[in-house]
Each structure stands twice: as structure tokens, then as C-alpha cells.
Amino acid sequence: MAAASSEEDLDRILVTGASGFVGRHLVRRLATEASVTALGGPDAPGQVTADLLDEQALMRIVSKTRPRTIVHLAAASSVADAGRAPGATWDVNLIGTRNLARAARRTGEPVHFIFASTAEVYGRAFLDGPCSEDTPAQPASTYGKSKLAAEHLLEDLAGDGFSLTLLRLFNHTGAGQDERFVVPAFAAQIAAAEAGGNSVIRVGNLEAKRDFSDVQDIVAAYFAIARTDPPPVPVRYNVGSGSVRSIRSILDLLVEQARVPVRVVSDPARLRASDIPAAQGDFSRIRDAFDWRTTIPFERTAVSVLDYQRLRLASSDSASLPE
């Protein structure tokens with residue numbers, strides 16, 4: 001098991017994407033043991049703001065805060081959006097990552113760079129079964145390709161005090177995730193039907209099977225890695241639950257919770273041209289290194305997403321919603 005860092009090593013952490021779904025939870029968790037600089041978007045109150053494509057701005061922030069650990073969450077993270085706007089996805093996921101990494105290296109101080117990559121890098125390799133970190137990547141989506149390119153870039157920059165951990169994250173969800181993603185997309189439609197709206201639930205491919213974790217379990221993985229000494233050489237970890245479920249089973253679970261009858265209709269606009277039938281991973285490396293595993297049942301997670309959507313519709317002030 002990796003060795004835990006001392007409290008002194010935890011005192012300066014920079015989190016990008018701090019105003020995003022995972023970032024909000026992670027900043028709160030890290031702030032219990034560290035001085036955290038939260039780097040968020042332009043509309044993030046109380047956070048430092050900067051464009052990842054503005055290298056000089058990033059350099060100023062990194063030079064001022066001198067983080068010992070950087071958790072780089074900020075990304076163009078929607079697979080569907082990446083297909084519609086590939087140029088913007090490459091800019092943010094590759095050039096933005098390069099800018100941040102170069103800013104960190106130019107301080108001349110040791111830094112542990114924890115990069116939020118994705119299981120999408122495996123792509124067509126999933127057709128041959130569960131993928132470990134050593135499985136050759138075969139990304140099929142623009143999102144997966146851009147993240148894999150960023151991994152290679154960071155590996156080239158590693159060394160001379162720039163330590164690197166790459167996290168290949170499988171699907172995760174929870175209350176507050178936006179409706180571009182499948183679980184909140186279903187939940188939002190059901191909540192709208194309960195509120196007197198359209199009773200039709202529009203869906204894409206229901207036969208695909210994916211590995212889903214609760215966001216709080218994912219935050220626990222980041223926290224465990226941030227608490228340990230930086231690796232001497234770049235290391236990759238798959239992060240997921242180890243259980244796959246069909247998208248249909250998720251929809252069925254949420255429909256069972258619906259308070260009104262709903263009707264499910266296939267929507268061609270929600271179908272992906274390169275959908276992989278099943279995405280399974282091997283998570284033994286992160287379990288062995290950090291004794292990490294998921295603990296929150298998916299059923300509880302799914303219900304929390306639906307309850308959040310119900311509350312969102314019932315509330316006239318979305319800022320009052322729990323996260």
C-alpha cells in the first residue's frame with residue numbers, strides 16, 4: 001500500500017474544475033486537511049477563475065499558490081458534446097492540460113499532478129473483455145482520443161520533480177450531475193412527468209452496459225491518492241466499482257420509483273454511432289495500492305439523483321439545493 005503523506009505535504013492543493021460536479025465535492029473533502037485553491041469557471045463565486053487556454057494566467061495562479069498537488073478535473077467531458085464540437089474538446093483537454101502542466105513545471109518546485117482521464121481511452125479494446133491499465137488503448141470517441149493524447153503529453157513532461165498519477169475513471173454519478181449524462185437525464189424526465197409535464201421518457205441505447213460509481217466514492221479515491229507520497233514514475237489507475245449494469249436496468253430502477261405512469265420512447269438523436277456494448281474494467285491496481293473500493297450501493301445513488309431532480313423542480317431557488 002502507498003505511504004501516506006505528512007500533513008505538511010497536504011497544505012497546498014490546486015483543484016481545477018472546482019465548480020464542476022466532482023470538483024465541488026472534492027474541494028470540500030480536501031479542505032478538511034489542506035489549503036485548497038479552487039480554480040473554477042467564470043461564474044463560480046468564491047473561486048479563482050482562469051481560462052485553461054490562457055497560459056499566462058495559469059502561470060500567475062500557479063506561481064502565487066505554489067501547489068504541491070494539482071488535481072486536474074477541468075475538461076470538456078461530455079462524449080456527445082465532443083462529437084459535435086471536436087475542436088473545442090481538443091483545445092480544452094489537450095492544450096489546456098499542457099498549459100497547466102507547463103505552468104506547474106516552470107515553478108521549479110516539486111508537484112504531484114493528478115490527472116482525471118477516462119475509461120473512454122480503451123474504446124474498442126472493451127470488445128475483448130475487461131481492460132486493465134496495461135490494455136492497449138483504442139479510443140473510439142473524440143473525448144477518449146483527446147484524453148489519451150493528454151496522458152501521453154503528461155508522461156513526456158514527467159520527471160525532475162513533476163510526479164504524475166493518471167486516473168482512468170469509469171462512469172460516476174450522483175445528485176447534482178447535469179442532464180447531459182444518462183442517470184440525471186432519465187431522472188430529470190421522470191421528475192418533470194411527476195410535476196405534470198410530458199410523460200414520455202426519451203432514451204438512447206438501453207442495451208449498453210457500463211460501470212457506475214457514486215461520486216462520493218470517486219472523491220474518496222482522489223482523496224486517498226492526494227494523501228500519499230507522489231509516485232517516482234508515472235502511474236495509471238482504473239477507477240470504478242467492478243460491477244456493470246445495462247442502461248435499461250438503470251431506467252427500470254428509476255421508472256419503478258416514478259410516482260406517475262411514464263412511457264419510454266427511443267430517440268435516434270440520443271444514439272451514439274460508436275457505442276461499445278460493454279465497458280468493464282480491472283480495478284485491482286487501485287485496490288492493492290490504496291485499499292480503495294466503492295461502498296455506496298448504486299440503487300441508493302440512483303434514487304438520490306431522482307430526488308435531487310424532484311427538489312430542483314419544486315424549488316424556486318436552485319442555489320438552495322443540496323449537493
Side-chain angles (χ1 to χ4, degrees), residues 7 9-78 81 88-89 91-107 109 111-118 147 150 154 165 167 169 172-181 184 214-216 218-227 308 312 315 317-323:
E7 285 192 17
D9 292 329
L10 284 173
D11 64 356
R12 297 192 304 273
I13 301 178
L14 172 67
V15 178
T16 73
S19 57
F21 170 55
V22 176
R24 296 192 301 271
H25 296 282
L26 180 60
V27 166
R28 284 197 295 269
R29 180 73 182 273
L30 290 173
T32 63
E33 295 196 19
S35 173
V36 179
T37 299
L39 184 62
D43 300 320
Q47 296 184 355
V48 178
T49 61
D51 186 339
L52 288 176
L53 301 182
D54 187 342
E55 187 171 2
Q56 293 304 311
L58 291 176
M59 185 68 213
R60 288 191 295 272
I61 292 167
V62 173
S63 296
K64 180 179 180 180
T65 58
R66 297 171 50 244
R68 295 184 179 179
T69 301
I70 295 175
V71 184
H72 183 32
L73 304 179
S77 58
S78 166
D81 288 352
T89 298
D91 285 347
V92 172
N93 292 353
L94 181 59
I95 304 305
T97 299
R98 181 207 64 182
N99 290 345
L100 181 63
R102 292 206 307 198
R105 283 187 59 88
R106 286 175 180 171
T107 66
E109 298 188 24
V111 64
H112 182 193
F113 197 99
I114 302 171
F115 179 61
S117 188
T118 174
K147 283 290 194 175
L154 291 169
T165 298
L167 301 185
L169 296 142
H172 43 281
T173 190
Q177 188 178 37
D178 77 60
E179 295 164 32
R180 293 174 300 163
F181 300 91
D214 190 281
V215 64
Q216 297 297 346
I218 299 302
V219 165
Y222 279 112
F223 186 78
I225 292 165
R227 289 184 66 248
Y308 179 91
R312 183 184 64 83
S315 174
D317 180 9
S318 61
S320 67
L321 291 174
E323 295 176 352

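If you're wondering where the values come from, they're calculated on a predicted model, not measured in any experiment. The figures here come from the full heavy-atom set of this structure, side chains too, leaving out hydrogens, waters and symmetry mates.
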| query | Which atom pair, heavy atoms only, marks the closest approach of Phe21 to Gly176? | reply | CD1-C, 3.8 Å
| message | Are the side chains of Tyr222 and Leu73 in contact, using a 4.5 Å heavy-atom criterion? | response | yes
| field | Polar side chain donor-acceptor pair, His112 to Thr69, under 3.5 angstrom | value | no
| said: Which residue is it: Leu14, Val15, Thr49, Val62? I am looking for the one with a side chain to side chain contact (heavy atoms under 4.5 Å, CB included) to Leu39. | reply: Leu14
| note | Shortest non-hydrogen pair, Pro184 vs Asp178, comes out as CG-O, 3.1 Å
| query | Looking at Val27 and Ala38, what are the two nearest heavy atoms and their distance? | reply | CG2-CB, 4.2 Å
| request: To the nearest 0.5 angstrom, please state how far the CG atom of Leu100 sits from the CD1 atom of Ile70. | output: 5.0 Å
| query | Any side-chain heavy atom of Thr173 sitting closer than 4.5 Å to one from Phe181? | reply | no
| query | Donor-acceptor pair, Asn93 side chain versus Ala76 backbone, under 3.5 Å? | reply | yes
| remark: So OG1 of Thr165 and CZ of Phe115: to nearest 0.5 Å the spacing works out to 12.5 Å
| note | Heavy atoms of Leu30 and Ala226 approach each other most closely as CD2-CB, 4.1 Å
Result block: side-chain N/O donor-acceptor pairs under 3.5 angstrom for residues 50-57, not counting sequence neighbours:
unit_1 : atom_1 : unit_2 : atom_2 : d
Asp51  : OD1    : Leu53  : N      : 2.8
Asp54  : OD1    : Gln56  : N      : 3.4
Asp54  : OD1    : Ala57  : N      : 3.1
Glu55  : OE1    : Arg102 : NH2    : 2.9
Glu55  : OE2    : Arg102 : NE     : 3.0
Glu55  : OE2    : Arg102 : NH2    : 3.2
Glu55  : OE2    : Arg106 : NH1    : 3.3

| request: Could you grab the distance from atom CG of Leu167 to atom OG1 of Thr118, nearest 0.5 Å is fine? | output: 11.0 Å
| said: For a quick test of reading the model, state the closest non-hydrogen atom pair linking His25 to Ala175 and the distance between them. | reply: NE2-O, 4.2 Å
| Is a side-chain N or O of Arg68 found less than 3.5 angstrom from the main chain of Val111, in a donor-acceptor match? | no
| note | Heavy-atom nearest pair, Ser117 first then Lys147, reads OG-CB, 3.8 Å
| query | Does any non-hydrogen side-chain atom of Gln177 lie less than 4.5 Å from one of Tyr308? | reply | no
| Are Arg66 and Thr107 close enough that some pair of their side-chain heavy atoms sits under 4.5 Å apart? | no
